Q: 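Mind having a look at this structure? Questions to follow.
In this chain, residues are counted from 1 in sequence order. As the structure is a prediction and not an experimental result, all values here were calculated from the model.
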Amino acid sequence: MGSRFNQRDQKRKVNKIYNIAITIVSILIVIVAVTIFLSDDGTETKKATTEPKQIADTDQGKVVDKPAGKEEETDSEKEDAVGDSEATEEEAEDDSKATEEDAEEKAEDGADPEKAGDAELEEVESSGDGNVAATYTSEGWKPVGTEQSGEHTTSFEKGSVDWNEMSKAIASGAGIDEGSMKLWWLQNGGSPNTAIGTVSEGDNPKTFRVYIEWVDGSGWKPVKVEELKTNDKR
């Protein structure tokens, strides 16, 4: 009886030891499993946290994962380039507008009866001729130059050097291109070195009477222009 009791008692002790060992192993297994799980979760969380930062860094214009030796433009650089391009376009538009305005002003100047060529005209009192609409002079008129030398003799022979130089001076005074000028009349101006020409431009009915005088060594020079109401030499 006592022997059986001892055997049972020993069995209980062994079973108890086994149970304790099993419990300890189970606890260790649980700890290891929890550790592995927490480690994996931490890695995923870190990745999730890093990716938005990388995206944010990229949005802020920072270079991410840039290959060695390769340059990339940041967003700020691109914005600067766009800004420079827009500024250049605006400057080009401003320059174009300025050019157009200058062209318009020049066109208006060409149509202005108080301007002839590059010379500013000053309106003066008329001589009293009823056919004169307006009379002008200019300090900007200069002699047109000459090929002649020695003592000057006025020549009204058409095609002569003096005739051609007189035509040039008359065109200058009237503000008309010599190639499109119609010379209706050319006569002596009352003294050996003066002349008067009546001219118009192309089909334009506006007619001018131009007074010129000879300047020794420099050629003929306009001194007065009368804008006529009608062409009295047609």
Side-chain angles (χ1 to χ4, degrees), residues 95-234:
D95 291 342
S96 177
K97 288 180 181 178
T99 302
E100 290 176 359
E101 290 174 358
D102 290 343
E104 289 176 358
E105 289 178 0
K106 288 180 180 179
E108 290 174 358
D109 290 348
D112 191 343
E114 294 192 0
K115 290 187 178 182
D118 295 330
E120 286 282 349
L121 302 183
E122 178 184 358
E123 187 170 1
V124 296
E125 187 176 353
S126 178
S127 62
D129 187 335
N131 191 35
V132 175
T135 304
Y136 304 97
T137 61
S138 174
E139 294 182 358
W141 283 328
K142 305 294 181 185
V144 296
T146 182
E147 298 176 3
Q148 304 177 66
S149 60
E151 185 177 353
H152 174 259
T153 301
T154 303
S155 172
F156 292 96
E157 181 183 349
K158 188 173 182 179
S160 67
V161 173
D162 202 48
W163 174 282
N164 293 336
E165 291 178 355
M166 284 191 286
S167 296
K168 186 175 181 180
I170 291 169
S172 175
I176 296 174
D177 180 70
E178 191 176 359
S180 60
M181 182 181 74
K182 286 184 177 181
L183 180 58
W184 296 98
W185 193 260
L186 181 57
Q187 66 185 53
N188 183 277
S191 64
N193 287 323
T194 61
I196 303 171
T198 302
V199 296
S200 63
E201 183 175 21
D203 296 329
N204 192 333
K206 186 178 290 187
T207 307
F208 301 96
R209 184 186 293 150
V210 183
Y211 295 75
I212 59 176
E213 68 179 15
W214 174 261
V215 179
D216 286 335
S218 299
W220 290 97
K221 170 188 173 182
V223 292
K224 184 173 71 172
V225 174
E226 293 176 338
E227 183 180 340
L228 303 180
K229 296 178 181 178
T230 61
N231 187 346
D232 57 2
K233 301 299 183 183
R234 184 185 289 272

Q: Begin from the C-alpha positions of T194 and I212 and carry the test side chain to side chain contact (heavy atoms under 4.5 Å, CB included) through to its verdict.
A: CA-CA 6 Å; T194 61; I212 59 176; over 6 Å; no
Q: Looking at S160 and S155, what are the two nearest heavy atoms and their distance?
A: OG-OG, 3.3 Å
Q: Please list, chain by chain and in numerical order, all residues satisfying side-chain hydrogen bond (donor to acceptor under 3.5 Å, both in side chains) with E213, sequence neighbours excluded.
A: none
Q: What I want to check is whether the side chains of N231 and T198 have a donor and an acceptor closer together than 3.5 Å.
A: no
Q: Working to the nearest 0.5 angstrom, can you tell me the gap between D162 CG and W214 CH2?
A: 6.0 Å
Q: Quick one: are R234 and S200 in side-chain contact, heavy atoms under 4.5 Å?
A: no
Q: Tell me, do Y211 and T137 make a side-chain contact under 4.5 Å, heavy atoms counted?
A: no
Q: Mind telling me whether W220 and H152 have parallel, tilted or perpendicular rings, with 30° and 60° as the class edges?
A: perpendicular
Q: Give a yes or no answer on whether the side chain of K206 reaches the backbone of E227 with a donor-acceptor pair at less than 3.5 Å.
A: no
Q: Side chains of E165 and E147: does their closest heavy-atom pair fall under 4.5 Å?
A: yes
Q: Where do S126 and T135 come nearest, in terms of heavy atoms and distance?
A: CA-OG1, 3.5 Å
Q: Measure across K142 and E139 and return the closest heavy-atom pair with its distance rounded to 0.1 Å.
A: NZ-O, 4.2 Å
Q: Can you establish whether the number of heavy atoms outside K233 located under 6.0 Å from its atom NZ is more than 12?
A: yes
Q: Contact between V132 and R209 at the side-chain level, heavy atoms closer than 4.5 Å - yes or no?
A: yes
Q: Please table the atom pairs, donor to acceptor, closer than 3.5 Å between any side-chain atom in residues 173-183 and protein atoms at least two apart or in another chain.
A:
residue : atom : partner : partner atom : Å
D177    : OD2  : G179    : N            : 3.1
S180    : OG   : D177    : O            : 3.3
S180    : OG   : E201    : OE2          : 3.3

Q: When you look at CG of D203, are more than 12 heavy atoms from neighbouring residues, nucleotides or ligands closer to it than 6.0 Å?
A: no
Q: Distance-only, no hydrogens or angles: does the T207 side chain make a donor-acceptor pair with backbone N or O of P205 under 3.5 Å?
A: yes
Q: Could you tell me if the side chain of W163 sits less than 4.5 Å from the side chain of K158, heavy atoms only?
A: yes
Q: Looking at I170 and G197, what are the two nearest heavy atoms and their distance?
A: CD1-CA, 3.8 Å
Q: Working note: T154 + M166, criterion side chain to side chain contact (heavy atoms under 4.5 Å, CB included); need CA distance, chi angles, decisive distance, verdict.
A: CA-CA 9 Å; T154 303; M166 284 191 286; 4.2 Å; yes
Q: Return the minimal non-hydrogen interatomic distance between S172 and W141, and the atom names on each side.
A: O-NE1, 4.0 Å
Q: Testing the 3.5 Å rule here: is there a donor-acceptor pair between the side chains of D232 and W184?
A: no
